[in-house]
Amino acid sequence: MLAVCLGLLQVFDLAHHPVLTLSLLGLAFLWLPAAARRLELAASPGAILLSALVLRLALVPLPLTLSDDALRYLWDGRVTMAGFDPYTLPPAAPDLTPLRDDAWRRLPHTEIPTVYPPLAMTAFSIAIRLPFPLVAWKGLATAADVGGCALLLALAKRRGIAPGRTVWYAWNPLVFLEIGGNGHVDALGVAAVIGAVLCLTPRRPDSGKPEEVSPGRAALWAVAGVLAKLAPAAALPMWSRQSGRPGRFLAAAVGLVMVAFLPVVAAVRGIPPGLVRYGVSWEFNGPLFEPLWRLLRAIHAAPAFAHGLDGLKHLTGIWTAWNFLYPLLYPQLLAKALLGVGMIAVVVLSLAERDPVAGTGRLFGALLLLAATVYPWYLLWILPFAALTRHAAWLTLSALILLSYLPKIAGVPLMPWVFLAIWVPFGILLLTSKGWKA
């Protein structure tokens, strides 16, 4: 694994050497199952953690050629520290002209205000004040992720699972690439989610300790996850049921989240415009979204909906109130609306989950499959729980998902062959694997 990291450092500009980059990462993925099998028999948690730290730190010097998100993190931190509001002012705003530097020219989506929650913004602000802000930020992300690995080891111990099984996450090449190399903020949220699941998991009867869960501490971890990135908000209803004290859990979690977001909502007078833009406009590699919107286009669903609106106008006699819907009637947005209904259904069905590990993995996995945008680092939310259960489909996807970098770094179209190479093997494994049973 370390040899692969050193090889990636020699390549350095990963985006301009896609074949070599993917070959090196492929070698690491080929080695991972053998390492995991040996370490399940005998492994020191300390050695696992130290190795996880080394693998991440080894990639910190890499430039941001695969993903430029970390540049946006640091910009948002600079805007915040200068006293401006990144939720209302996009990087292209004239008011922010004095803050522009060479990194600003490389920023993605300069016309869109930030989409990141308050805890993430606080972390960005800390990094921008430190020497060498990009290295400092990657160091913070690495520290958070190694902390998540420590929590995952504690969760494995509480479940009676061999600590070596955690290397499916701790030594996963996708994870140390996206955290140490690309510095994604997901590290903070994933660590918090693992902490919440740990607090919701009762000890085994033979542990000699009380089996009670800790709903108060679980709620605090859950809040930290939501304030780092919004994805864990979908798990709050399920976690509240699993805590045994749903009222107390939800009151604490929702209350703290509302307090943290109140200044943001007040400043933008509603939902942050960056989030609205993300929900409406972003789309890439969604496993159900990509074929669904093409199907809706083929069957002329948008004109059919428009014809239905025309009929509704004649039926109700209301001629102008429905006009705002017509610009929204296009295949991609219709597909997102249908998948959004599916996401709500998945959250409702998750209330029946009793096992925090399997339930969290299953919920985040279903939400990812229903998402319109699936970048490689989105898989980090699922991998800790896939590691503990050795879920073959999701662990395999952690290798296949790297192919989704090809459209950006090699100009290869996503559809159809890259898309099929990623999702067909995963789909077969998903249908045939044992699922979320440890």
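Here the structure is a predicted model, which means the values were calculated and not measured. The first residue in the sequence is number 1, and the count goes up from there.
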**Request:** Please work out which of the three classes, parallel, tilted or perpendicular, describes the rings of W436 and H391, given edges at 30° and 60°.
**Result:** tilted

**Asked** Would you say the side chain of L363 lies within less than 4.5 Å of the side chain of F385, judging by non-hydrogen atoms?
**Response** no

**Asked** Can you check whether T396 reaches P425 side chain to side chain, under 4.5 Å on heavy atoms?
**Response** no

**Request:** Verify the ring-centre separation between W394 and F426: is it less than 6.0 angstrom?
**Result:** yes

**Item:** NZ (K157) with more than 12 external heavy atoms under 6.0 Å
**Value:** no

**Request:** Would you sort out whether I422 and S404 count as a side-chain contact (heavy atoms from CB on, under 4.5 Å), showing the intermediate values?
**Result:** CA-CA 8 Å; I422 295 170; S404 65; 3.8 Å; yes

**Item:** Distance in Å, L388 CG paired with I194 CD1, rounded so as to fall on 0.5 Å steps
**Value:** 8.5 Å

**Asked** Would you call V193 and W239 a side-chain contact if the rule is heavy atoms closer than 4.5 Å?
**Response** yes

**Prompt:** Once you round to the nearest 0.5 Å, how far does NZ of K138 lie from CD1 of I179?
**Reply:** 11.0 Å

**Asked** Can you list the steps and then say if L380 with H184 is a side-chain contact (heavy atoms from CB on, under 4.5 Å)?
**Response** CA-CA 10 Å; L380 269 58; H184 282 291; 5.7 Å; no

**Message:** Let's go through L329 and L309 carefully: what are the C-alpha distance in whole Å and the side-chain angles of both, what is the deciding distance for side-chain contact (heavy atoms from CB on, under 4.5 Å) to 0.1 Å, and is it a yes or a no?
**Reply:** CA-CA 10 Å; L329 298 179; L309 275 182; 3.8 Å; yes

**Asked** Is the closest side-chain heavy-atom distance between I112 and W282 below 4.5 Å?
**Response** yes

**Fill in**
In this structure, CG of L400 is separated from CZ of F29 (nearest 0.5 Å) by 8.5 Å

**Request:** Give a yes or no on whether a salt bridge exists between D355 and R159, defined as a side-chain N under 4.0 angstrom from a carboxylate O.
**Result:** yes

**Message:** Does R294, at its CZ atom, have more than 12 non-hydrogen atoms belonging to other residues, nucleotides or ligands within less than 6.0 Å?
**Reply:** yes

**Item:** Heavy-atom closest pair, residues W171 and A52
**Value:** NE1-N, 3.8 Å

**Request:** Using a cut-off of 6.0 Å, state whether more than 12 heavy atoms not belonging to L351 lie near its atom CG.
**Result:** yes

**Item:** R72 bridged to D68 by N-O distance under 4.0 Å
**Value:** no

**Prompt:** Just wondering, more than 12 heavy atoms not from R269 lying within 6.0 Å of its CZ?
**Reply:** no

**Asked** Does a side-chain heavy-atom distance below 4.5 Å link L177 with L66?
**Response** yes

**Item:** Close side-chain approach of L96 and W104, heavy atoms under 4.5 Å
**Value:** no

**Request:** Would you check if K229 and L188 make a side-chain contact, meaning some heavy-atom pair closer than 4.5 Å?
**Result:** no

**Nearest non-hydrogen partners of P33 and L30, listed with the distance** = CD-O, 3.4 Å

**Asked** Got a donor-acceptor contact below 3.5 angstrom from the R78 side chain to the I128 backbone?
**Response** no

**Message:** Please verify the inter-ring angle class for Y73 with F124; under 30° counts as parallel, over 60° as perpendicular, anything in between as tilted.
**Reply:** parallel

**Prompt:** Where is the tightest heavy-atom contact between F364 and A231, given as atom of each residue plus distance?
**Reply:** CE2-O, 4.1 Å

**Request:** Indicate the atoms forming the closest heavy-atom contact of G183 with W137, along with that distance.
**Result:** O-NE1, 2.6 Å

**Item:** Atom pair CG/CG of L334 and L339 - distance to nearest 0.5 Å
**Value:** 11.0 Å

**From L368 atom CG to I382 atom CD1, the distance as rounded to the nearest 0.5 Å** = 4.5 Å

**Request:** For the pair D145 and R56, find out whether any cationic side-chain nitrogen is under 4.0 Å from an anionic carboxylate oxygen.
**Result:** yes

**Request:** Look only at the side chain of R165 and the backbone of A156, and say whether a donor-acceptor pair between them is shorter than 3.5 Å.
**Result:** no

**Message:** Tell me if a side-chain donor or acceptor on E290 pairs with a main-chain N or O of N285 at a distance below 3.5 Å.
**Reply:** yes

**Message:** Do T21 and I409 have side chains that approach each other closer than 4.5 Å (heavy atoms only, starting at C-beta)?
**Reply:** no

**Asked** For atom CZ of F305, is the number of surrounding heavy atoms from other residues, nucleotides or ligands below 6.0 Å larger than 12?
**Response** no

**Message:** Go through it in stages, so that I can follow the logic: the residues are Y375 and D69, the test is side-chain contact (heavy atoms from CB on, under 4.5 Å), and I'd like the CA-CA distance, side-chain angles, deciding distance and then a yes or no.
**Reply:** CA-CA 12 Å; Y375 293 124; D69 282 7; 5.9 Å; no

**Prompt:** Can you tell me if S214 uses its side chain to pair, donor with acceptor, with the backbone of G216 under 3.5 Å?
**Reply:** no

**Request:** Specify the closest pair of heavy atoms between N182 and A70, including all atoms of both residues, with the distance to one decimal.
**Result:** O-CB, 3.8 Å

**Complete:** Here the gap from Y116 atom OH to L275 atom CG, rounded to the nearest 0.5 Å, amounts to 10.5 Å

**Over all atoms of both residues, closest heavy-atom pair of P173 and A28** = CG-CB, 3.4 Å

**Message:** Around atom CH2 of W31, are there more than 12 heavy atoms from other residues, nucleotides or ligands closer than 6.0 Å?
**Reply:** no

**Request:** Look at the aromatic rings of W377 and Y405 and report parallel, tilted or perpendicular, splitting at 30° and 60°.
**Result:** tilted

